[in-house]
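Input: a single structure, listed below in structure tokens.
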Amino acid sequence: MVKPIYVLGGPNLNLLGTREPDIYGRDTLEDIHDRLKAKSGDTPVEARQTNSEGELVTWIQEASREASAVILNAGAYTHTSIALHDALRACQVPVVEVHLSNPAAREDFRHVNYVAPAVNASIAGLGAYGYELALMAALKLSGT
């Protein structure tokens, strides 16, 4: 049985489509998840979103056992969470970080990234299409 790719989203991603569409686009998180499921072939996609840091950490720990790879948009936790960094360092499957916008081109506080040093690859600034590229990378990195 093929293990799923976990697509994990952090705080405020449930507001996609309505929250600052000039920055994050008009696609909803459900739109993005539906496209990934349609493009993943025989590999299942397990898509989840939470506004809770602890829940995101728990899901990463679960993914280490149950998933073939992780696509992660940690949202604002990218810039604040050492707990998330530590969970990612312990994760035993490939992780691809994705951001809709380009944090490096935004406010100074978004230039700090605790996720990037603990993942296999990062994709930023390509809007919802970045998730599709992250899926291709996750499939390649996991060998599925």
Side-chain angles (χ1 to χ4, degrees), residues 2-41 43-139 141-142 144:
V2 177
K3 289 185 173 184
I5 291 177
Y6 277 31
V7 180
L8 304 178
N12 298 311
L13 290 172
N14 56 305
L15 301 176
L16 286 181
T18 59
R19 177 184 174 225
E20 300 181 275
D22 53 317
I23 295 174
Y24 300 109
R26 299 214 178 271
D27 289 318
T28 67
L29 192 58
E30 184 178 357
D31 294 335
I32 293 168
H33 291 165
D34 288 347
R35 275 198 299 279
L36 295 180
K37 290 173 184 176
K39 293 178 179 281
S40 66
T43 303
V45 170
E46 174 69 31
R48 303 175 183 177
Q49 184 275 329
T50 184
N51 291 320
S52 169
E53 180 181 19
E55 189 166 34
L56 196 54
V57 167
T58 297
W59 289 345
I60 290 166
Q61 292 173 359
E62 176 186 319
S64 189
R65 298 181 311 274
E66 304 295 330
S68 61
V70 174
I71 296 169
L72 173 66
N73 183 341
Y77 294 138
T78 300
H79 317 293
T80 63
S81 181
I82 295 168
L84 190 58
H85 169 91
D86 289 347
L88 290 166
R89 295 282 301 210
C91 190
Q92 299 296 306
V93 298
V95 180
V96 180
E97 172 190 27
V98 64
H99 292 283
L100 295 158
S101 69
N102 180 0
R106 296 187 58 200
E107 303 93 341
D108 286 346
F109 67 85
R110 295 186 197 276
H111 298 178
V112 174
N113 186 329
Y114 290 104
V115 171
V119 300
N120 298 86
S122 299
I123 298 169
L126 296 174
Y129 181 61
Y131 277 88
E132 295 178 38
L133 295 174
L135 175 64
M136 291 189 305
L139 290 167
L141 290 169
S142 68
T144 57

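Bear in mind the structure is a predicted one, so any value in this text is a computation, not a measurement. The first residue of the sequence shown is numbered 1, and numbering continues consecutively from there.
Closest non-hydrogen pair, Ala116 versus Ser122, comes out as CB-OG, 4.0 Å. In plain terms, the two heavy atoms of Ala74 and Pro11 that are nearest each other are O-CD, 3.4 Å. For the residue pair Asn120 and Val93, the shortest heavy atom distance occurs at OD1-O, 4.4 Å. The shortest non-hydrogen separation linking Thr43 to Ser40 is O-OG, 2.7 Å. Residues Glu55 and Thr50 approach most closely at OE1-OG1, 2.6 Å, considering heavy atoms.
With respect to Arg48 and Glu62, a salt bridge is recorded, a charged nitrogen being found less than 4.0 Å from a carboxylate O.
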N/O donor-acceptor pairs under 3.5 Å from side chains in residues 81-90, not counting sequence neighbours:
from  : atom 1 : to     : atom 2 : distance (Å)
Ser81 : OG     : Glu53  : OE2    : 2.4
Ser81 : OG     : Leu84  : N      : 2.8
His85 : ND1    : Tyr114 : O      : 2.8

Compile the donor-acceptor pairs under 3.5 Å between side chains in residues 127-138 and protein atoms, sequence neighbours left out, one pair per line.
from   : atom 1 : to    : atom 2 : distance (Å)
Tyr131 : OH     : Asn73 : ND2    : 3.1
Glu132 : OE2    : Arg35 : NE     : 3.3

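The neighbour count for Glu30 CD, taken as heavy atoms of other residues, nucleotides or ligands under 6.0 Å away, does not exceed 12.
For the pair Val98/Leu72, no side-chain contact is recorded, criterion being any heavy-atom separation below 4.5 Å from C-beta on. Between Leu100 and Leu16 the shortest side-chain heavy-atom distance falls below 4.5 Å. Taking the side chain as every heavy atom from C-beta outward, Leu56 and Tyr77 approach each other to under 4.5 Å. In this structure, Val96 and Ile123 have side chains that are in contact, with non-hydrogen atoms separated by less than 4.5 Å. Side chains of Ser68 and Val2 form no contact here, defined as non-hydrogen atoms less than 4.5 Å apart.
Formation of a donor-acceptor pair under 3.5 Å by the Gln49 side chain with backbone atoms of Leu8 is not found in this model. The backbone N or O of Leu15 sits less than 3.5 Å from a side-chain atom of Thr18, completing a donor-acceptor pair. A donor-acceptor pair is defined here as one N or O able to donate and one able to accept, closer than 3.5 Å; such a pair exists between the side chain of Asn51 and the backbone of Asn12. When atom types are taken as modelled, the side chain of Lys3 and the backbone of Arg65 share a donor-acceptor pair closer than 3.5 angstrom.
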Next item on the list: Report the C-alpha separation of Val115 and His79 in whole Å, then their side-chain angles, then the decisive distance to 0.1 Å, and conclude whether the side-chain contact (heavy atoms from CB on, under 4.5 Å) test is met.
Entry: CA-CA 8 Å; Val115 171; His79 317 293; over 6 Å; no
Margin query: Using the rule given for side-chain contact (heavy atoms from CB on, under 4.5 Å), can you reason through Glu46 versus Val7, listing the C-alpha separation, both sets of side-chain angles and the distance that settles it, and then say yes or no?
Written below: CA-CA 6 Å; Glu46 174 69 31; Val7 180; over 6 Å; no
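For the atom pair Cys91 SG and Tyr6 OH, the distance stands at 10.5 Å (nearest 0.5 Å). The distance from the CD1 atom of Ile71 to the NE2 atom of His33 is 9.0 Å, given to the nearest 0.5 Å.
Between the side chains of Thr144 and Ser142, at least one donor N or O sits under 3.5 Å from an acceptor N or O.
Paired with Lys37 under the rule side chain to side chain contact (heavy atoms under 4.5 Å, CB included), one option of Val45, Ile32, Ile5 passes, and it is Val45.
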